[in-house]
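Inspection log for the structure reproduced underneath, given as structure tokens.
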Number of protein chains: 2
Amino acid sequence: MPRKLAYRNLPQLFLKAREELLCHFRPIITHFGLTEQQWRILRTLSEMEQLEPREICDHCHILSPSLTGVLSRMEEMGLVTRSRVPEDQRRVIVRLTPKSEKLVGELGPLIVAQYKIIEQAFGPELIKQLYEVMDKVIAAERGPISRIALPPKKDWSAIEA
Amino acid sequence: MPRKLAYRNLPQLFLKAREELLCHFRPIITHFGLTEQQWRILRTLSEMEQLEPREICDHCHILSPSLTGVLSRMEEMGLVTRSRVPEDQRRVIVRLTPKSEKLVGELGPLIVAQYKIIEQAFGPELIKQLYEVMDKVIAAERGPISRIALPPKKDWSAIEA
DNA sequence: GTTGACTGCTTAATATGTTAGTGATTATAT
DNA sequence: ATATAATCACTAACATATTAAGCAGTCAAC
């Protein structure tokens, strides 16, 4: 007896909508030999001058273990530099290189141009609505939302039938 | 000279908003030893009875190469069965098992309960707006949106400085 | 009935997501 | 001062994302 849940899968809708947007930018980014995450970092660094890894994690929504690898590869490619903070040997400062600044200088305008095209196609009101709704969702703090009680844990992977 | 682009990073906003939502469901899903993708598949199969792999890819937004591994693991766990279509040996039918149907029967109501809590916290209007805006974005077909012209390809990873 | 194009799933290779844990460093509380 | 806790980046292990390529099965034209 197949039964639909009362609510549509909202996170999945986000996924789909995001992909619908991203597919218009991905060709531009890959054209320059970058991944989506690498571009997020380059763009953020070009706006913030210098950042520490955990700040990049926050701004770019990349988890710390992933970032380690991403930064290593970007360092190899000569896109960023990593230097320790003298007064706190745990911390690291990440900066753009002249090369990556030039890259952002070329890539950025193309991204903006694509945004304009999308704005035309979607209509400026939809874009505005998008930003509004997103900001509302993000503004809803994670804390105050209560969590349902979970039943005792069963090891389903071990249950026979 | 750090300069901000004219547009905020919209796909990144989607990512953040999605995570803001998902973090309220993730504990429920992992409590049952499932991954997010596995739950997407279970939920969809429980609503559609039976599906072929490429249909699952479409519905759940999982790329075909990923799905191969996901389904293998789910088969190992006894959550789904895979059977060939006799009249077309290329195609495969994926179904839930009695075990996974029972699992969905326990998990589903918890998900719905969490949606209700979120609806209270966000306000029903915001949820409604969300569905509306998402559907609008998704409705905007990928085809008609034109693509900007890309400059000749440079191999940035090989450029010195 | 063979050839050639196509479809559907899989494999391969690399990059990232996710959770847990480690080691070194710094801050805090005795 | 010293033990403790907290912080930060990193490693490890596994799952998924992404792109490209492979391979068997089907279909259509000839």
Side-chain angles (χ1 to χ4, degrees), chain A residues 11-12 14-16 18-19 22-23 25-42 51-58 60-77 79-94 157, chain B residues 11-12 14-16 18-19 22-23 25-42 51-77 79-80 82-94 157:
Chain A
Q12 191 168 311
F14 272 76
L15 201 60
K16 188 170 182 178
R18 176 182 139 82
E19 176 57 29
L22 204 51
C23 69
F25 295 102
R26 208 192 303 277
I28 306 176
I29 295 169
T30 61
H31 179 79
F32 286 80
L34 297 176
T35 67
E36 189 200 321
Q37 293 83 347
Q38 289 172 343
W39 166 242
R40 286 213 296 273
I41 294 173
L42 287 186
L51 288 170
E52 300 182 23
R54 74 204 136 67
E55 296 176 312
I56 297 180
C57 289
D58 292 342
C60 299
H61 311 291
I62 297 174
L63 294 182
S64 182
S66 298
L67 188 64
T68 298
V70 176
L71 286 184
S72 298
R73 281 179 285 273
M74 292 179 78
E75 201 174 22
E76 292 261 337
M77 294 190 230
L79 296 177
V80 298
T81 61
R82 281 192 285 188
S83 52
R84 293 250 167 221
V85 177
E87 60 270 24
D88 189 338
Q89 287 298 313
R90 294 170 300 184
R91 293 158 60 197
V92 169
I93 299 289
V94 182
S157 65
Chain B
Q12 191 168 311
F14 271 76
L15 202 60
K16 187 171 183 179
R18 177 182 139 83
E19 176 57 29
L22 203 51
C23 69
F25 295 102
R26 207 189 304 275
I28 306 175
I29 295 170
T30 61
H31 179 80
F32 286 80
L34 296 176
T35 66
E36 189 201 322
Q37 292 83 346
Q38 288 172 344
W39 166 242
R40 286 213 297 272
I41 294 173
L42 288 186
L51 288 170
E52 301 183 24
R54 72 206 139 67
E55 296 175 313
I56 298 180
C57 289
D58 292 342
H59 283 289
C60 299
H61 310 292
I62 297 174
L63 294 183
S64 183
S66 298
L67 188 65
T68 297
V70 176
L71 285 183
S72 298
R73 282 179 285 273
M74 292 179 76
E75 199 174 24
E76 291 262 336
M77 295 189 228
L79 296 177
V80 298
R82 283 192 284 188
S83 52
R84 296 246 167 225
V85 177
E87 59 271 24
D88 189 339
Q89 288 297 313
R90 295 170 301 184
R91 291 158 61 195
V92 170
I93 299 288
V94 182
S157 66

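In what follows, chains are A, B, ... by sequence order, proteins preceding strands, each numbered from 1.
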For A/Ile29 and A/Gln38, what are the C-alpha separation, side-chain angles and deciding distance, and is it a side chain to side chain contact (heavy atoms under 4.5 Å, CB included)? CA-CA 9 Å; A/Ile29 295 169; A/Gln38 289 172 343; over 6 Å; no

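- Looking at residues two or more places apart in sequence or on another chain, you find a side chain to side chain contact (heavy atoms under 4.5 Å, CB included) between A/Gln89 and A/Arg84.
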Identify each donor-acceptor pair in which a side-chain atom of residues 58-71 of chain B lies under 3.5 Å from a protein atom, sequence neighbours left out, and give them as a table.
residue : atom : partner : partner atom : Å
B/Thr68 : OG1  : B/Ser64 : O            : 3.4

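- Contact footprint of chain B on DNA chain D: nucleotides with an atom under 4.0 Å from a non-hydrogen protein atom, first to last in 5' to 3' order, D/dA15 to D/dT26.
- A distance-only check finds no donor-acceptor pair linking the side chain of A/Arg91 to the backbone of A/Val85 [under 3.5 Å].
- If you take CD of A/Gln38 and P of C/dT14, they are 15 Å apart, rounded to a whole angstrom.
- In this structure, CH2 of A/Trp39 is placed 16 Å from P of C/dT16, rounded to the nearest angstrom.
- Among the protein residues, A/Ile62 comes within range of the sugar-phosphate backbone only, with heavy atoms under 4.0 Å from sugar or phosphate atoms but none that close to a base.
- Between A/Val70 and A/Val85, the residue whose closest nucleotide on DNA chain C is further toward the 5' end is A/Val70.
- Along DNA chain D, the nucleotide nearest to A/Arg18 and the one nearest to A/Ser66 differ in position, and the one closer to the 5' end is contacted by A/Ser66.
- For A/Thr35, no side-chain nitrogen or oxygen approaches OP1 or OP2 of C/dA15 to under 4.0 Å.
- Residues meeting the salt bridge (Lys or Arg N to Asp or Glu O under 4.0 Å) test with A/Arg54, sequence neighbours left out: A/Glu52.
- Between A/Glu36 atom CD and C/dT16 atom C1' the separation is 10 Å, expressed in whole Å.
- Applying the salt bridge (Lys or Arg N to Asp or Glu O under 4.0 Å) criterion to A/Arg90, with sequence neighbours excluded, gives A/Asp88.
- The interatomic distance linking B/Ile56 (CD1) with C/dT10 (P) rounds to 10 Å, in whole Å.
- Every residue two or more places apart in sequence or in another chain that forms a side-chain hydrogen bond (donor to acceptor under 3.5 Å, both in side chains) with A/Arg26 is listed here: A/Glu19.
- Of the two residues near DNA chain C, A/Gly69 and B/Arg26, the one whose nearest nucleotide lies more 5' is A/Gly69.
- Distance CG (A/Leu71) to C1' (C/dA15): 14 Å, rounded to an integer number of Å.
- Rounded to an integer number of Å, the gap from CG of A/Leu34 to P of C/dT14 is 19 Å.
- Legend: residues meeting side-chain hydrogen bond (donor to acceptor under 3.5 Å, both in side chains) with B/Ser72, ordered by chain and number and at least two apart, are B/Arg82.
- In this structure, B/Gln37 places its CD atom 17 Å from P of C/dT16, rounding to the nearest Å.
- The interatomic distance linking B/Glu19 (CD) with C/dT16 (P) rounds to 18 Å, in whole Å.
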Any chance you could list the contact pattern along nucleotides 1-9 of chain C? Use B for base contacts, S for sugar-phosphate-only contacts and - for none, protein heavy atoms under 4.0 Å, 5' to 3'. ------BSS

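- Partners of B/Glu55 according to the salt bridge (Lys or Arg N to Asp or Glu O under 4.0 Å) rule, which considers only residues two or more places apart in sequence or in another chain, do not exist here.
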